[in-house]
Amino acid sequence: MKVILYMATTVNGFIARENDDTGFVSESEWGRFRALANRTGNMIIGRRTHDLMKRNDEFSGLENIKVIVLTRNTSLKSDNPNIVFASQQPKEVLKQLEEQGFREAVVAGGGKLNASFMKEGLIDEIYLDVEPTLLGRGIKLFSDEDFEAKLELVEVKNLSSNETQLHYRVNK
Ligand SMILES: NC(=O)c1ccc[n+]([C@@H]2O[C@H](COP(=O)([O-])OP(=O)(O)OC[C@H]3O[C@@H](n4cnc5c(N)ncnc54)[C@H](OP(=O)(O)O)[C@@H]3O)[C@@H](O)[C@H]2O)c1
């Protein structure tokens, strides 16, 4: 199972403003994310990201993929059959996806979820689509956790005249 972390970030590593606004992420960026999620057939997100995506009607275009929402709350239930709340450990969630036949999994934020996967050494590849923005404060790509990872740069791509994609492999 290949585990891919895919995020849009400011140049200085924020994925949202302090108030959760992600208005700096371009519309074409959302299109690229949807294409990846539809190719792999799944995405794993944190409960806060789920709540915000639901509120902002951002699950459109993702109707055919399995969405796993990590939460410590064992009583949450979804009214959407494609969205499943899971309170298992990240490793267990990946094992279940593999048993269901998925060959790749997409970890898609936010910062707390990303850090919990990174801390356990579960991420194989990272795509960072860098938006031409700096923020003084905001939600970090990885919330404060104790980990360190060495990366190998696989590719740098110009996505548009103003956006760059950094593709890394995580050394294990
Ligand atoms: N730029 C981008 O590409 C992008 C992508 C996604 C999200 N975002 C932004 O990121 C922000 C949200 O990030 P965030 O760090 O505040 O929250 P988050 O990671 O989306 O969600 C945090 C919550 O997820 C659950 N969770 C996370 N890891 C878990 C684990 N290992 N086991 C069990 N539960 C786990 C917990 O839910 P409970 O509290 O229910 O236990 C935790 O409180 C939003 O502003 C969103 O817009 C940006």
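Whatever order the structure lists them in is the order used to number ligands and atoms, beginning at 1. Atom set for the values below is all heavy atoms of this structure, side chains included, hydrogens, waters and symmetry mates excluded. Positions are given from 1 along the sequence.
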What residue and heavy atom of the protein are closest to [atom], and at what distance?
atom: atom 42 (C) of ligand 1; answer: Arg72 NH2, 4.1 Å
atom: atom 20 (O) of ligand 1; answer: Thr49 OG1, 2.6 Å
atom: atom 21 (O) of ligand 1; answer: Arg48 N, 3.3 Å
atom: atom 30 (C) of ligand 1; answer: Leu70 CD2, 3.6 Å
atom: atom 15 (O) of ligand 1; answer: Lys112 N, 2.8 Å
atom: atom 8 (N) of ligand 1; answer: Ile15 CD1, 3.9 Å
atom: atom 5 (C) of ligand 1; answer: Met7 CE, 3.3 Å
atom: atom 37 (O) of ligand 1; answer: Arg47 CB, 3.5 Å

May I ask you to check whether [X] and [Y] show a side-chain donor-acceptor distance below 3.5 Å?
X: Asn162; Y: Ser160; answer: no
X: Ser26; Y: Glu163; answer: yes
X: Asn12; Y: Thr10; answer: yes

- Message: Judged on heavy-atom distance to atom 44 (C) of ligand 1, which of Asp51, Leu52, Asn73 sits nearest?
- Response: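 The residue whose heavy atom sits nearest atom 44 (C) of ligand 1 is Leu52.
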Looking only at N/O atoms, are [X] and ligand 1 under 3.5 Å apart anywhere?
X: Val25; result: no
X: Thr71; result: yes
X: Ala16; result: no
X: Leu113; result: yes
X: Gln88; result: no
X: Tyr6; result: no
X: Pro90; result: no
X: Gly110; result: yes

What part of [X] sits under 4.0 Å from ligand 1 if we count only heavy atoms: the side chain, the backbone, both or neither?
X: Thr22; value: side chain
X: Ala8; value: both
X: Ser143; value: neither

Do the non-hydrogen side-chain atoms of [X] and [Y] ever get within less than 4.5 Å of each other?
X: Ile65; Y: Asn42; value: no
X: Met53; Y: Leu62; value: yes
X: Leu166; Y: Asp129; value: no
X: Ile45; Y: Leu70; value: no

- Item | Chi angles and distances behind the salt bridge (charged side-chain N to carboxylate O under 4.0 Å, His left out) call for Glu104, Arg39 | CA-CA 9 Å; Glu104 293 180 320; Arg39 192 193 81 208; 3.0 Å; yes
- Geometric class of the Phe59/His50 ring pair [parallel <30°, tilted 30-60°, perpendicular >60°]: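 Tilted.
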- Query: Among Phe14, Phe147, Phe117, whose ring-ring contact (aromatic ring centres under 6.0 Å, His included) with Phe142 holds?
  - Reply: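 Of the listed residues Phe14, Phe147, Phe117, the ring-ring contact (aromatic ring centres under 6.0 Å, His included) partner of Phe142 is Phe147.
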- Query: Ala108 heavy atoms, cut-off 4.0 Å: which ligand 1 atoms fall inside?
  - Reply: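 Going through ligand 1 atom by atom, the ones under 4.0 Å from Ala108 are 5 (C), 6 (C).
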- Message: Apply salt bridge (charged side-chain N to carboxylate O under 4.0 Å, His left out) to residues Arg32 and Glu29 and explain how you reach the verdict.
- Response: CA-CA 5 Å; Arg32 281 188 290 273; Glu29 173 56 24; 3.0 Å; yes
- Heavy-atom neighbours of Lys172 NZ exceed 12 at 6.0 Å: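 Yes.
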